[in-house]
There are 2 protein chains.
Amino acid sequence: MKIVSDKVSGVKKRFTNLCYGFFSTLANPTRLAIIEKLDEGPMNVTGLVNTLGQEQSMVSHNLRPLVRCKLVNVRREGKQRVYSLNHETLDPIVKSVELHAEKFCEGGANCPLKAKSEAS
Amino acid sequence: MKIVSDKVSGVKKRFTNLCYGFFSTLANPTRLAIIEKLDEGPMNVTGLVNTLGQEQSMVSHNLRPLVRCKLVNVRREGKQRVYSLNHETLDPIVKSVELHAEKFCEGGANCPLKAKSEAS
DNA sequence: TATTCTAATGAAACATTCTTCATATGAAGA
DNA sequence: TCTTCATATGAAGAATGTTTCATTAGAATA
C-alpha cells in the first residue's frame, strides 16, 4: 500500500494515512464481496472460493489486506483458516454508506454509486 | 470509475457497486487532504491550491469525484466556485475510522493504518 | 469586445494495484 | 515419511488510477 507522501502540504499526515489505508482496503470489488459473504457468518477460504467463484489465490491475496487492517479476523481450525467479520467496525460504516446513498444519490447516470445497480 | 463486473458471483451487485464507488472516491491522499481542509470551512479552488501546494488542475480533477458522489458540495460565487463538505455523511464515517484505529490498530510495523503516522 | 481572473477538461505519461500462474508451506492422515 | 488437503506467497503481465501539461470555458470588468 502506497504511503501518503509529503507532496500535499498543510494537512495532518496521520489523518490522511489512516483514512487512505482504511478506505483503499475497502475499495475493491473482491474484498467487498468477501465482506458481504462473511456477513452471513464465518467461513474458510475454500468456502469463499466456492461461493464467490474466484480462484483460491485471488481470495487469499484479497483476504490479506482485510486481516492486516483488522476488518476481518482469522482463526485456525485444523488445516483450515476460518475468517470472520469485524462487525463492530464494519456494521456502522456500511450503514453510513447505505444512508448516504438513500439521501444523496438519485441514481441518475452521473451517479456512480447507484447507477448500474441491479439486484443479483 | 471501474464498474464492478459480474466476475464475482453470489453477491448483491448493488452493495458492491455502492461501496466500491464510495470507498474508491475516498481512497486517495489528495482527496483526503481536500476533505481535511474543507473541514475547516468552505473554500474555493484557489484557496485549496494555495494551502495544499498542489496544481490547480490536480485540485480540480480531484474535486470532481468528490462532488459526483455528493461528499462535497459546490456553489458559484462570481467567478469562483466554493466547495464545502457534506458533514452529515463524512463526520460519522471519519469518526468510525478513528475509533477503529484506536481500538484495533497497535501501530506496529504491520499496521498500515497507524504506521508512519507522525503529526505534521 | 478584449482582457483578466477562476476553474474545468482532454490526453498522454506515469504509477499503483490486481489478477493470474506457478510454486511453497504447513497440518493431518495413510 | 509420503501423500493429500487447505492455504499462502512471489513475480510478471494486465488493468486502473493519478498527475501533468496544454488548452478551453465562463464570468467580471475595463
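Note that this is a predicted model, so its numbers are computed, not measured. In what follows, chains are A, B, ... by sequence order, proteins preceding strands, each numbered from 1.
- C/dA7 atom P lies 16 Å from atom CD of B/Q54, rounded to whole Å.
- Contact of the A/L38 side chain with the A/M43 side chain is registered, since non-hydrogen atoms from C-beta on lie closer than 4.5 Å.
- Using a 4.0 Å heavy-atom criterion, one finds that A/Q56 contacts the bases of the nucleic acid, with or without backbone contacts as well.
- Within the model, atoms CZ of B/R31 and NE2 of B/H61 stand 12.0 Å from one another, a figure rounded to the nearest 0.5 Å.
- Closest to the side chain of A/K79, out of C/dT16, C/dA28, D/dT9, is C/dA28.
- A 4.5 Å side-chain heavy-atom check between A/L48 and A/L63 finds at least one atom pair inside the cut-off.
- Note: CG (B/L48) to P (C/dT6) measures 14 Å, nearest angstrom.
- Contact annotation: B/R64 side-chain N/O to C/dT9 OP1/OP2 distance is under 4.0 Å.
- Computed from coordinates, the A/M58 CE to D/dT7 P distance equals 17 Å when rounded to whole Å.
- Rounded to whole Å, atom P of C/dT17 lies 16 Å from atom CZ of A/F23.
- Looking at which nucleotide of DNA chain D each of A/Q80 and A/S57 is closest to, the 5′-most match is held by A/Q80.
- Note: CZ (B/R75) to C1' (D/dA27) measures 17 Å, nearest angstrom.
- You'll find the side chain of A/L71 reaches within 4.5 Å of the side chain of A/F22, heavy atoms only.
- Within 4.0 Å of B/S24, counting heavy atoms only, lies no atom of the nucleic acid at all.
- A sub-4.0 Å separation between OP1 or OP2 of D/dG17 and a side-chain N or O of B/Y20 is present.
- Distance from the side chain of B/T30 is smallest for D/dT19 among the nucleotides D/dT18, D/dT19, C/dA7.
- Between D/dT9, C/dA8, D/dA6, one nucleotide has an atom nearer to the side chain of B/S60 than all others, and that is C/dA8.
- Under the stacking definition used here (centres under 5.5 Å, planes under 30°), the residue B/H61 fails to qualify as stacked on the base of D/dT18.
- A salt bridge is defined here as a Lys NZ or Arg NE, NH1 or NH2 lying under 4.0 Å from an Asp or Glu carboxylate O, and A/K103 with A/E98 fails to meet this definition.
- Checking C/dA30 for Watson-Crick or G-U wobble geometry (two distances, each under 3.5 Å) identifies D/dT1 as its partner.
- As rounded to whole Å, 15 Å separates atom C1' of C/dA28 from atom CZ of A/R81.
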Is there a side-chain contact (heavy atoms from CB on, under 4.5 Å) between B/H100 and A/N86 once you walk through the steps?
CA-CA 10 Å; B/H100 174 83; A/N86 175 349; 3.7 Å; yes
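- Put simply, CE on B/M1 is 8 Å from P on D/dG17, counting in whole angstrom units.
- Here C/dC18 is the nucleotide among D/dC21, C/dC18, D/dT7 with the atom lying nearest to any side-chain atom of A/N28.
- Minimum atom distance to the side chain of B/Y83 is reached by C/dA8, of the listed D/dT9, D/dG17, C/dA8.
- Rounded to an integer number of Å, the gap from B/E55 CD to D/dT23 P is 15 Å.
- Mapping B/T46 and A/R76 onto DNA chain C via the closest heavy atom, the residue that lands nearer the 5' end is B/T46.
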